[in-house]
Structure formats: structure tokens, C-alpha cells
K.L.:
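A single structure is presented below for examination.
The chains referred to below are lettered A, B, ... by the order of the sequence lines, with proteins before strands, and numbering in each begins at 1. All of these numbers come straight from a predicted model, not from anything done at the bench.
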Protein chains: 2
Amino acid sequence: MRQKKTPAVANVTVLERLREAGLRPTRQRLALAKLLFARGHRHMSAEELFNEAKTHRVNVSLATVYNALHDFTEKGLLREISIDSNISYFDTNTGNHHHFYFERSGQLEDISEDHISISSLPPAPGGAEISRVDVIIRVKA
Amino acid sequence: MRQKKTPAVANVTVLERLREAGLRPTRQRLALAKLLFARGHRHMSAEELFNEAKTHRVNVSLATVYNALHDFTEKGLLREISIDSNISYFDTNTGNHHHFYFERSGQLEDISEDHISISSLPPAPGGAEISRVDVIIRVKA
DNA sequence: GGTGTCTTTAGAACTGTTCTAACGTCCTTG
DNA sequence: CAAGGACGTTAGAACAGTTCTAAAGACACC
């Protein structure tokens, strides 16, 4: 039975990412980061991550999940997306891109930036700095 | 002292709009609709409308404000916009357009559609129908 | 004017999120 | 290695915005 759990590599890189971001790699943050960044890009709500942690026997409080998500977001490891008035999603893809939002299921799907081009962006009033442009395509499905 | 309140014209058109939308023009809905549509386009939260009603001596419950906003939205008189994770704005401009969002003040400002052009919109997965495209430009101000 | 349907209401309930204050953990520095 | 301090975590309470509930009220149509 050679079923070793996924090797140290993942741990190491996750650990490095936390360190680079200036976040102490605590047991909880490491576990959550692994869940988030383990495979591919994901869109997760706090509640989802909390539940996933539970099913993986990772004991963290809900407050810690929120803290971690916000800390990660602040340090640029995640990007927060508000679609619905009462749920926030956190996107592990922090690059420039946009989203499909499936109204029925509440799921998100990435749209790579080069599929959408915004031309003649109007100047921000008062010369204010633009912090981000979000495009959300709502889909009836 | 000839200070008649603003003339019947506004009332009539608001009343007609409600009727056309298939909404019974109750005292409360009329009053709220007048506040919303009286002058120019507005972005209002439920709480704001509720307070504006109070200061105008319009007695409505908060539940009624929510009911009216949702009814109006369902009938196409308003458009709902979610920016922040916990506040919904209702936009009296239901035409195709986008928004600046001023992060500091929480205010919204319209961007007319022809200031933004989205090219090569990707096909909605599974041929699903697109119900709306929202562009929000977040501005540090 | 009576009748049935739709609307309003106050307050309770609910949901997602944040706060609080006590406790743990880790990293010094001597 | 011990003590100290900064930083993290925790459970549960608190909070904000919104929705629900059940009862009372308004409206439209015959």
C-alpha cells in the first residue's frame, strides 16, 4: 500500500508563498492555503472553505477561515469577488481576468482577459486612480 | 402662500409606470416610486430610501421598502447592483450602462454604455443565455 | 357595499460576517 | 532553557442587512 499523501513539494511551495507574503506560516494558515492552492484555480466562499476543512479533518474555527481569507487577500494571494449581495467569493487566480456567473447554481467561471477587451475606458472622475475593473457576465444557468 | 407641492404631472406618470408594470399603485408604492424617480437617475440602498421616506414624512415600514424595491426590480423599473458584499444598490437607470464605484465613499456613478466596448465576448458555456453584463470600475476615492 | 386578493406592517428570525476577550504559539533575547 | 512579547486562534456573542411571519389593512371588481 504505497499511498503516501501528496508529497512535500506542495507543502514547501505553499509555505514559501506564505513566507514571501509576509504571513507567519501557522498550522492553520498552511492547512487552509493547501486546500486553496493545491490544485488549479478555485472560487471559494468562506463557508465552503470551512466545510472543506472540516471534511479534511482540519480543525479551524470559522473566524480563522475569515481571518486567513482576508489576510491572503490583503497580501495578494487571493482576490475577493462580490456578486451576490450576501456572499463573497475568493478567487485563487489573482491575474487579470473576468467572470461568468451562473445565476442558477451560484458558480463562477473564469474568462481569460484576452477574451474581453474594454476600449475607450472613460477617465476616472477627478483623476482618481482605478484600482480594478470587474466584468461579470451573468448567465441564466 | 402659494406653495403647492410639485404638480400632479409627476404623480400621474409615476402612477402610470406602476400600472404599466402591473403593480397595484398603492399609497406606499406611489410614494416610494416618486422618491426614486422624481428627479434624474439615482443609486439607492434600501436603508437610504427608507430614511429618505422618513424625512419626507412618508410612513412605510422597512419591509415595505424591500418589497417595493424587489417588485420594481422584477418588473424592470429598477436594476439591482451588488458591489460590496453586504449592500445592494438599486439603480433607477435600467438602460445598458456601467458603473464607477468609489471605494472610499461607497458611491456609484454611471458610465454610459458607449464609453465602454466589450469586444469578442466569449460564448457562454453550454450555449447558456446571457442575462446581463456588469462592468464595475473600482476607483480609489 | 361586500368579497376575495393583494399589500403592508411590526417584529422576530435568519445569514453571512466581524468582534471580543481569553488563550496558544512561536520567536526572540539573555 | 526561561521569560517576555508579539502575533494567531478560538468559541461564542454581536452585528448588519435582509427576509419571513402572521395578522391587519387596502384595493379592485362584481
K.L.:
In whole angstroms, how far is the C1' atom of C/dC26 from the CZ atom of A/Arg19?
P.N.:
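One finds 12 Å between C1' of C/dC26 and CZ of A/Arg19, rounded.
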
K.L.:
To the nearest angstrom, how far is A/Phe50 atom CZ from C/dG16 atom C1'?
P.N.:
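Result: 13 Å.
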
K.L.:
Taking the basic N atoms (NZ, or NE/NH1/NH2) and the acidic carboxylate oxygens, is any pair closer than 4.0 Å for B/Glu48 and B/Arg42?
P.N.:
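Answer for the salt bridge query: no.
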
K.L.:
In whole angstrom, give the distance that lies between atom CD of A/Glu74 and atom P of C/dT18.
P.N.:
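It is 12 Å, rounded to the nearest whole Å.
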
K.L.:
Rounded to whole Å, how long is the line connecting atom CG of A/Leu49 with atom P of C/dT17?
P.N.:
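Result: 12 Å.
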
K.L.:
Pick base, sugar-phosphate or nothing for A/Thr64, based on heavy-atom distances below 4.0 Å to the nucleic acid.
P.N.:
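Base contact.
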
K.L.:
So where does chain A start and stop touching DNA chain D, 5' to 3', when the test is distance under 4.0 Å to a non-hydrogen atom?
P.N.:
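Taking any atom under 4.0 Å from a heavy atom of chain A, the span is D/dC7 to D/dA11.
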
K.L.:
Could you check whether any side-chain N or O of A/Arg19 sits under 3.5 Å from a backbone N or O of A/Pro25, counting only pairs where one atom can act as donor and the other as acceptor?
P.N.:
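No, A/Arg19 side chain to A/Pro25 backbone: no donor-acceptor pair under 3.5 Å.
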
K.L.:
In whole angstroms, how far is the C1' atom of C/dT17 from the CG atom of A/Asp71?
P.N.:
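Interatomic distance, CG of A/Asp71 to C1' of C/dT17: 15 Å.
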
K.L.:
What's the CG-P distance between A/Leu62 and C/dG16, to the nearest Å?
P.N.:
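About 10 Å, once rounded to whole Å.
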
K.L.:
Under 4.0 Å from OP1 or OP2 of C/dT17: is there any side-chain N or O of A/His70 that close?
P.N.:
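A/His70 to C/dT17 OP1/OP2: no side-chain N or O under 4.0 Å.
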
K.L.:
Within this structure, what is the NZ-CG distance for the pair A/Lys75 and A/Leu23, rounded to the nearest 0.5 Å?
P.N.:
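The distance works out to 5.5 Å.
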
K.L.:
For A/Asn59, which contact category applies under a 4.0 Å heavy-atom criterion: base, sugar-phosphate, or nothing?
P.N.:
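Sugar-phosphate contact only.
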
K.L.:
Are A/Val135 and A/Ile81 grouped together when hydrophobic residues (ILVMFWY) are joined by side-chain heavy atoms under 4.5 angstrom apart?
P.N.:
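In one cluster with A/Val135: A/Ile81, no.
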
K.L.:
Decide yes or no for A/Leu36 and A/Val14: does some side-chain heavy atom of the first lie under 4.5 Å from some side-chain heavy atom of the second?
P.N.:
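No, every pair of side-chain atoms sits at 4.5 Å or beyond.
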
K.L.:
I need the CG-P distance between B/Leu18 and C/dT8, as an integer number of Å.
P.N.:
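In whole Å, C/dT8 P and B/Leu18 CG are 10 Å from each other.
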
K.L.:
Have a look at A/His99 and tell me which of A/His43, A/His41, A/His115 forms a ring pair (Phe, Tyr, Trp, His ring centres under 6.0 Å) with it.
P.N.:
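Of A/His43, A/His41, A/His115, ring pair (Phe, Tyr, Trp, His ring centres under 6.0 Å) with A/His99 is met by A/His43 alone.
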
K.L.:
Measuring from the side chain of A/Tyr66 (C-beta onward, heavy atoms only), which nucleotide among C/dT18, C/dT7, C/dT9 has the closest atom?
P.N.:
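So the nucleotide nearest the side chain must be C/dT18.
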
K.L.:
Tell me which of A/Asn67 and B/Ser88 sits closer to the 5' end of DNA chain D, going by the nucleotide each one is nearest to.
P.N.:
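On the 5' side of the pair lies A/Asn67.
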
K.L.:
Restricting to salt bridge (Lys or Arg N to Asp or Glu O under 4.0 Å), what partner residues turn up for B/Asp134, sequence neighbours left out?
P.N.:
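Partners of B/Asp134 by the salt bridge (Lys or Arg N to Asp or Glu O under 4.0 Å) criterion, ordered by chain and then number, come out as A/Arg138, B/Arg79, B/Arg132.
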
K.L.:
In whole Å, what is the span from the CZ atom of B/Arg29 to the C1' atom of C/dT7?
P.N.:
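Computing the B/Arg29:CZ to C/dT7:C1' distance gives 7 Å.
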
